[in-house]
There are 2 protein chains.
Amino acid sequence: MLEHKVKLAIVDDHLIVLEGLQKLLTSAGDIEIAGSFTTGAAFIDFLKSNTVHIVLLDITLPDVNGMDLCRDIKKLSPDTHVLGLSNHSERSMIVQMLHNGATGYLLKNVSAEELTQCIHEALNGQVTFSKAVREIMARPSMTELKGVPQLTKREKEILKFIADGKTTSAIAAELFLSPLTVETHRKNLMQKFEVKNVAALIKEAVQRHMI
Amino acid sequence: MLEHKVKLAIVDDHLIVLEGLQKLLTSAGDIEIAGSFTTGAAFIDFLKSNTVHIVLLDITLPDVNGMDLCRDIKKLSPDTHVLGLSNHSERSMIVQMLHNGATGYLLKNVSAEELTQCIHEALNGQVTFSKAVREIMARPSMTELKGVPQLTKREKEILKFIADGKTTSAIAAELFLSPLTVETHRKNLMQKFEVKNVAALIKEAVQRHMI
DNA sequence: ATAAAAATCCGGGAAAGCAGGTAGTTGAAA
DNA sequence: TTTCAACTACCTGCTTTCCCGGATTTTTAT
């Protein structure tokens, strides 16, 4: 196999993190930083006309959330490996990222060695975690075990409206839908979350950062 | 006045951030990084036998929280300026830091120029914020303005039950109350939160860490 | 092309929530 | 002591949610 440099991209809205990562990665000679981006949109743009082998993706971005962006990246370029990078250590976050096609997940307290090691593992297609993440995954907690329901775009949309306290009919009016349609989505949401009223629904959703 | 280099310390448990900050600060020639620390304890130790003019202090640390550490620092070395550095953009966080003696507050999305500017302002004793923080402080958003409603013990109790998805009558049974009483509490809760249904109530409550 | 998933729409009935009150009892602070 | 906040309880009328059950069309993935 030819040993070209690995093209790596970073998506993070914090300049500090961008610089920090670049510094940490200079020691790994075979990695080339193809680009740094502060928004998901900017990276997607770049990806359309450039090859990226691996991308370090912050979960919280100004424009889109990491989960959705991850999914978009994999759709656009299935061979690009995505490593989630975040301060969020909740199991649900990690699981969600993997569901959406990420190859691994790192917390921002990674060391330089961990970082480069994870990158290389990811390039081999291995699912890889930073040390702190492995510990979280190893000790599953009751509440987190149930996993995160996979919501459709419409469902997410309506979930947000519900959380804002809007009634079914108000939502329907705003989205030009029949109230009955909104009712159905609401019903499905509650089924997916395995709850039986909005109160519990919203609690779960907020706690899982879906709102 | 003699122009010695400014002795600056960084306390942050993320290597990435440490490196990133160092990189960003190299451009400011008059600043010398006296030390980097990943725990509050380590920095306090250092401070006992070294002069530090200014410290960039992450709010979330493994051993202590930033507020308390800030207070300790000012007690030990009142002339050391503390700049809070965090991802947390909640107004309450910022205010708390200032109460505890911080000279300023930065979000981690600061630019290099902002960073050095804030450092210099802080050295002059000026209270200083990064741009994003100034915006938060200038425009108290609706949700932040109302502050946290003062709930009675009973109300908090019932709020939790509601968030768990329990119905009014179930709560009443569990607390040996009339359902009507629970209804009243629920009504009062919604008044205090200025919302008109449970969905919004729970969202607000969770987001304000009351659940 | 075909299957699967998502999004849309519908009915009816039971249950709960919402909004607007009123009002007695208690316990602590002024 | 009286005054006030909290907790308790009640009423009426109306709206909305919740829970069954379906159905059709459009989009997406294989």
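Throughout, protein chains are lettered first and strands after them, A, B, ... in sequence-line order, and every chain is numbered starting at 1.
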> Return a single string for nucleotides 13-30 of chain D, one symbol per nucleotide in 5' to 3' order, where B is base contact, S is sugar-phosphate-only contact and - is none, cutoff 4.0 angstrom on heavy atoms.
----BBSBB---------
> What pair of heavy atoms forms the shortest contact from A:L24 to A:A112, and how long is it?
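Minimum heavy-atom contact is CD2-CB, 4.0 Å.
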> Identify, between B:T152 and B:L180, the residue whose nearest nucleotide on DNA chain D lies closer to the 5' end.
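Taking each residue's closest nucleotide, the earlier one in sequence belongs to B:T152.
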> Can you see whether B:N87 engages A:H14 through a side-chain donor-acceptor pair at a distance of less than 3.5 angstrom?
yes
> Residues two or more places apart in sequence or in another chain: which of them pass ring pair (Phe, Tyr, Trp, His ring centres under 6.0 Å) with B:F37?
B:F43, B:F46
> Round to a whole Å and report the spacing from CG of B:N188 to C1' of D:dA5.
12 Å
> Look at the side-chain N and O atoms of B:T181 and state whether any lies under 4.0 Å from the OP1 or OP2 oxygen of D:dA9.
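So the side-chain polar atoms of B:T181 do come within 4.0 Å of the phosphate oxygens OP1 or OP2 of D:dA9, strictly under.
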> Step by step, would you call A:R186 with A:E183 a salt bridge (Lys or Arg N to Asp or Glu O under 4.0 Å)?
CA-CA 5 Å; A:R186 171 198 288 270; A:E183 274 257 13; 5.3 Å; no
> Quick one: how far along DNA chain C does chain B reach, first to last nucleotide 5' to 3', anything under 4.0 Å to a heavy atom?
C:dG17 to C:dG21
> Kindly check if the number of other-residue, nucleotide or ligand heavy atoms within 6.0 Å of NZ (B:K131) is above 12?
no
> Could you check whether A:K108 pairs with A:D58 (Lys NZ or Arg NE/NH1/NH2 to Asp/Glu carboxylate O, under 4.0 Å)?
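Between A:D58 and A:K108 there is a salt bridge, with a charged N closer than 4.0 Å to a carboxylate O.
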> Between B:D68 and B:R71, is there a donor-acceptor pair closer than 3.5 Å when you use the side chain of the first and the backbone of the second?
no
> Rounded to whole angstroms, how far apart are CZ on B:R154 and C1' on D:dT8?
9 Å
> If we count only N and O atoms by modelled type, under 3.5 Å, do the side chains of A:D30 and A:H120 hold a donor and an acceptor together?
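The criterion, which ignores hydrogens and geometry beyond distance, is satisfied for A:H120 and A:D30.
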> Who pairs with B:E19 by side-chain hydrogen bond (donor to acceptor under 3.5 Å, both in side chains), at least two apart in sequence or on another chain?
A:K23
> If you count the non-hydrogen atoms of other residues, nucleotides and ligands that lie under 6.0 Å from NZ in A:K74, is the total more than 12?
yes
> What contact category does B:S178 fall into here, base, sugar-phosphate, or nothing, at under 4.0 angstrom with non-hydrogen atoms?
sugar-phosphate
> Among residues at least two apart in sequence or on other chains, which ones pass ring pair (Phe, Tyr, Trp, His ring centres under 6.0 Å) with A:H88?
A:H209
> Roughly how bent is the helix from C:dA1-D:dT30 to C:dA30-D:dT1 end to end, in steps of 10 degrees, with each end axis from five pairs?
70°
